[in-house]
> 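Just dropping this structure here.
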Amino acid sequence: MRGVLKNVALTAGFGGVLALCISLATAQSPPSERKSGFEFMSPESQATQQDDFSNPGMLWVAEGEAVWNAKAGVLGRSCAECHGDASVSMKGVAARYPVYFAESGRPIDLQSRINVCRKTNQNATPFPLEGRDLLALSSFIGKQSRGMPITTGEDNRLEPFRARGQELYEQRQGQLNFSCANCHDDNWGRRLASSMIPQSHPTGYPLYRLEWQGMGSLQRRLRNCMTGVRAEPYPYGSQEYVELELFLMTRAKGMPLETPAVRP
Amino acid sequence: MARALINVPAKAKRGDIIEIKALISHPMETGYRTGPDGALVPRDIINRFICTYNGEEIFSADLFPAIAANPFLSFTTTATESGRIAFRWIDDRGQAYLETAEIAVE
């Protein structure tokens, strides 16, 4: 019961779709079993995330809005010229990524999708992955879905890729020979050295990590964990990360998106 | 590109204590870290913050290398009259970033 109440308070805190989230969460698994990383944080870090004037991720959102409106490429066209008002056209978009991208026959994450649009429709050079502009723009797009339930994985064509992501999640790797599941499924809520182990629901990416003193994507976070178990991380943009993200986002389906979140 | 987010209530009653929040995007490079080439990355921090209310200083702070990137400051003042609250951050390169907000006091 305590877990349920906490979830209600959390959802209300995000200012959205209270009833919807509760019913979705109940349909999937008891809410007490799935927790956002937000719930594992100190009250101070939670307060930092919840106030838009203290959440440093909002700096990237503001920059992203400028990128959204900036003319780019040979055609001198901005995102806004085609997509219009982001609060309408981008509402719910980040909550369903990664999506199936028919042109490549694979799932694609939001950052790569932005770059496809930039290349084909703006005739501009794609942004470097994990660069400031791309993080800013994806934070701005992500924020348009804040509070909305995650809907990733509804397309059946994604299933084989999601299954591959799950295999990666459960596969032991690195010199320490740990899988993601060893910590995040079997030992969540306990500590790894001084750090709390969360359940690895990627509900707030891109997010501001205090340790990074900056914004980062889920891929950056996955690289951190891989380095942690002494495995060699995949390069940014690799298919493995997209499959892992697809699996994790599908696993977090129904939980509210928190972008831009704050994490320790 | 520095970008700041400030929060000043648009309206207040005379005598009210108001909270002001100022968040700025800045790397706050300590000068103690080394880059990929092994050489020290030169120090680049915001070392001074000043807030004025209709020209009069109401809050200022000296900042040091132990302060994290994207410094966030929050403080209070008494709403005395309508006017402009101005914010100024100065970094090691002597660059100043300015922001202003208007407040209406009834």
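Chain letters run A, B, ... following the sequence lines, proteins first, then strands; residues in each count from 1.
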> A:Y241 vs A:Y236 aromatic rings, parallel, tilted or perpendicular, using cut-offs 30° and 60°?
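Judged by the thresholds at 30° and 60°, the geometry between A:Y241 and A:Y236 is tilted.
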> Quick check: under 4.5 Å, non-hydrogen atoms only, which of residues 69-85 of chain B neighbour chain A?
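The residues closer than 4.5 Å to chain A, in numerical order, are B:A69, B:N70, B:F72.
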> Checking A:R132 against B:S25: is there a side-chain donor and acceptor pair closer than 3.5 Å?
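There is such a pair between these side chains.
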> Quick one about B:N47 and B:D92 (side-chain donor to acceptor, distance below 3.5 Å, no hydrogens or angles considered), yes or no?
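There is such a pair (donor and acceptor under 3.5 Å, judged by atom type) between the side chains of B:D92 and B:N47.
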> Checking A:S45 against A:S42: is there a side-chain donor and acceptor pair closer than 3.5 Å?
yes
> Kindly write out the residues that satisfy salt bridge (charged side-chain N to carboxylate O under 4.0 Å, His left out) with B:E29, not counting sequence neighbours, or none if the list is empty.
B:R33
> I'd like to know if the side chain of A:N224 pairs up with that of A:R209 as donor and acceptor (distance under 3.5 Å, no hydrogens or angles considered).
yes
> So for A:D52, is it side chain, backbone, both, or neither that comes closer than 4.5 Å to the heavy atoms of chain B?
backbone
